[in-house]
Amino acid sequence: MRVAGLAEDITEQQKIEQMKSEFIGIVSHELRTPLTAIKMSLGLLKSGIYDKKPDKFQRMLEIALIDTNRLVNLVNDILDLERLDSGRAVLEKMSCQAADLMQKAVEGVQPLAISQQITLTINPTDAEVWAAADAIIQTLTNLLSNAIKFSPTNSTITLSAEYQTDVVLFRVSDKGRGIPADKLETIFGRFQQVDTSDARQKGGTGLGLAICRSIIEQHGGKIWAQSTLGAGSTFCFTLPLSPEEIA
Amino acid sequence: MTLRQILVVDDQDLLRELVQMCLEDLAGWETMAAASGEECLQITQTKHFDAILLDMSMPGMNGFEVYDRLQSNPKTQAIPVILLTAKVLPSDRDHFEKMGVAGVIAKPIEPITLTEQIAEILGWDE
């Protein structure tokens, strides 16, 4: 029995090592691409060929800045995920009004929504949840930003919450392009966008949903996606009720 | 100076733009862009190019597949192809040579010497 246990441990260890090296492989590719662009744009600026061409000079700076931001977001997301998954980020939970969390997240993404002419509506609940407020606002912000990125202009995104037996169910619904059935689960993995060109065109790091899942699971909740292709997607998650609500 | 026509194939928008700027502003070559292997194969059906700069790692059809398709088409097989890739181990170089590519340029690309590297690979006297 002990031998069998040991063999299982080794296989598990090998799996983890393999996952780690795959992760590092992807990360180095994701880091190298923006670094290459930054190096090229700065190199061209330094050569002086654009010293008398202000439009192109400006464009070089713009490219360097876009990809610097991309690197900053990527590094932040990698660190967030590492802290969450390693248990180094302890989420301090307390009773929070679900409606407050929803309101704060919506306020944060409102400028992005306005710039894309998208309306955000909230259907709150008066329930209290047992949650780390910042982490839940981060989760809602992430889901709302994704919804905005994939929504057509002039459409509406709905953020709702409803009281269920022992949890509160949150939903973010959009009228975007939808997600194929075989991707509904994998998108919560690291660097698993529906389309590989999404990271580049939509500006995501490919880690947002993995961070959301980690946060929700650390609350003892569940997170999942439902979708109809061409009609829209709904991201749902549950959070436990505050102990006061249960009492 | 001959007016050269180069096709730049890369799925990364900003990198593609930067490579095009290097070629146009440093060497005065004309460029066109393709964001995928599929687009590259389409464009080369109707337009002639003096060379193709082909990124190796692209979603969908990767550089190897694009190169094979270009080679198997009599219309495009004569166009010299230079690969742009981060992966250049000695064993990769052998592999690329056997494939018959004109040359390989490693990423990160040196913007100032890029056009010189291309001219040298292709034996262009600029």
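Every value quoted in this text rests on a predicted model; they were computed, and no experiment measured them. In the text below, chain A, chain B and the rest are named by the order of the sequence lines, each starting its count at 1. All heavy atoms count here, side chains included; hydrogens, waters and symmetry mates do not.
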Check: Heavy-atom distance under 4.5 Å to chain A: side chain of B/L18, backbone, both or neither?
Finding: both
Margin query: Counting only heavy atoms from other residues, nucleotides and ligands, does the tally under 6.0 Å from CD of B/E24 exceed 12?
Written below: yes
Check: Given the options A/M60, A/K39, A/M40, A/K53, which has more heavy-atom pairs under 4.5 Å with chain B than any of the others?
Finding: A/M40
Notebook entry, point to check: Which distance, rounded to the nearest 0.5 Å, do you find between the CG of B/L26 and the OG of A/S47?
Noted result: 6.0 Å
Check: Around A/D134, counting heavy atoms of other residues, nucleotides and ligands shown, do more than 12 lie under 6.0 Å from its CG?
Finding: no
Check: More than 12 heavy atoms of other residues, nucleotides or ligands under 6.0 Å from CD of A/Q58: is that the case?
Finding: no
Next item on the list: Evaluate the side-chain proximity of B/K107 to A/T33: yes if any heavy-atom separation is below 4.5 Å, no if none is.
Entry: no
Notebook entry, point to check: Who wins among A/I49, A/L35, A/I63 for the most heavy-atom pairs under 4.5 Å with chain B?
Noted result: A/I63
Note to self: If you count heavy-atom pairs within less than 4.5 Å of chain B, which of A/K46, A/K56, A/R32 leads?
What the structure shows: A/K56
Check: Roughly how far, to the nearest 0.5 Å, is the CE atom of B/M21 from the CZ atom of A/R59?
Finding: 8.0 Å
Notebook entry, point to check: Checking heavy atoms, do the side chain of A/L42, its backbone, both or neither come under 4.5 Å from chain B?
Noted result: neither
Notebook entry, point to check: Which atom names give the shortest non-hydrogen contact between A/L44 and B/P111, and what distance separates them?
Noted result: CG-CB, 3.9 Å
Next item on the list: Can you tell which part of B/M58 gets under 4.5 Å to a heavy atom of chain A, answering side chain, backbone, both or neither?
Entry: neither
Checklist line | Gap separating the CD atom of A/E62 from the CG atom of B/L14, nearest 0.5 angstrom | finding: 9.5 Å
